[in-house]
Amino acid sequence: LHLLVGTGDGLVLSFHADEATGALSHRRVFCMGLQPPRLSTFRSGSEEHVFVAGGRPAIFRSGDAESGRLAILPVNLGHVTNFATFEASPLAGLAVVLADGRLSVGEMEDIRRVHIR
């Protein structure tokens, strides 16, 4: 289980949280730009991920269950200010992104291949 915290100076802090005790460990710091990042959860298949909007947008996802590591996938869309996904049919699986003043809609097929047009 991971805890992600966005700060006002553009950082995202990551902690590993022990589910039994609530203890936090393995603190990591990621610089996502100079403005506060906006964190949004979404589902891709059966997995839940976090989209981090900001100057350096990225997708945070759990790696394999054995290592418990966090994988960070950069998103090449410029400065993303908002992100949302549709969960209701017939639009389920589509993502909406506001980047550089342009609204884009794309499909989230495989989390390792994000297609947003």
Side-chain angles (χ1 to χ4, degrees):
L1 178 66
H2 294 277
L3 170 67
L4 297 175
V5 179
T7 66
D9 58 356
L11 299 177
V12 171
L13 308 176
S14 165
F15 300 91
H16 177 76
D18 185 291
E19 293 185 51
T21 66
L24 300 178
S25 61
H26 299 95
R27 178 179 181 252
R28 293 175 63 191
V29 179
F30 304 93
C31 181
M32 306 307 291
L34 300 175
Q35 297 176 349
R38 183 179 195 125
L39 284 63
S40 304
T41 60
F42 70 97
R43 285 203 169 279
S44 177
S46 63
E47 297 179 351
E48 191 165 19
H49 309 289
V50 176
F51 189 97
V52 179
R56 295 182 185 146
I59 294 173
F60 283 58
R61 70 189 257 316
S62 292
D64 59 53
E66 293 175 13
S67 71
R69 296 197 48 117
L70 193 63
I72 296 96
L73 307 166
V75 177
N76 297 322
L77 287 175
H79 183 82
V80 175
T81 53
N82 284 299
F83 170 87
T85 58
F86 292 100
E87 295 184 17
S89 295
L91 302 175
L94 292 180
V96 179
V97 177
L98 182 59
D100 296 325
R102 292 180 24 189
L103 186 67
S104 303
V105 177
E107 186 173 355
M108 304 291 284
E109 294 175 358
D110 180 350
I111 199 59
R112 289 175 284 289
R113 298 177 318 185
V114 179
H115 299 287
I116 300 176
R117 297 178 193 204

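Computed from a prediction, not measured in an experiment: that's the story for all the values here.
A donor-acceptor pair is defined here as one N or O able to donate and one able to accept, closer than 3.5 Å; such a pair exists between the side chain of His79 and the backbone of Gly55. For Ser40 (side chain) and Ala84 (main-chain N/O), no donor-acceptor pair under 3.5 Å exists by modelled atom type.
Linking Ile, Leu, Val, Met, Phe, Trp and Tyr whenever their side-chain heavy atoms come within less than 4.5 Å leaves Phe15 and Phe30 in two separate clusters. Tracing side-chain contacts under 4.5 Å through hydrophobic residues (I, L, V, M, F, W, Y), one never reaches Val52 starting from Leu11; they form parts of separate clusters. Side-chain heavy atoms closer than 4.5 Å link hydrophobic residues (I, L, V, M, F, W, Y) into clusters, and following such links, possibly through other members, connects Leu13 to Leu3. In the hydrophobic clustering of this structure, Val29 does not group with Leu4; members are Ile, Leu, Val, Met, Phe, Trp, Tyr whose side-chain heavy atoms approach within less than 4.5 Å, directly or through other members.
Summarising the geometry of Gly6 relative to Pro37, their closest heavy-atom pair is CA-CG, 3.8 Å, with the distance given to 0.1 Å. The nearest pair of heavy atoms linking Val80 to Asn82 is CG1-O, 3.5 Å. The shortest non-hydrogen separation linking His2 to Ser14 is ND1-OG, 4.3 Å.
Within the 4.5 Å cutoff, side-chain heavy atoms of Phe60 are placed close to those of Val12. Residues Arg38 and Thr81 are not in side-chain contact: their nearest non-hydrogen atoms beyond the backbone lie 4.5 Å or more apart.
Summarising the geometry, atom CD belonging to Glu48 is positioned 9.5 Å from atom CZ belonging to Phe42; distances are rounded to the nearest 0.5 Å. Interatomic distance, Thr7 OG1 to Met32 CE, rounded to the nearest 0.5 Å: 11.0 Å.
Environment of CG in Leu1: crowded, with over 12 heavy atoms of neighbouring residues, nucleotides or ligands closer than 6.0 Å. Within a 6.0 Å radius of CD in Gln35, no more than 12 heavy atoms belonging to other residues, nucleotides or ligands are found.
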side-chain contact (heavy atoms from CB on, under 4.5 Å) between Thr85 and Phe51, intermediate numbers included | CA-CA 10 Å; Thr85 58; Phe51 189 97; over 6 Å; no

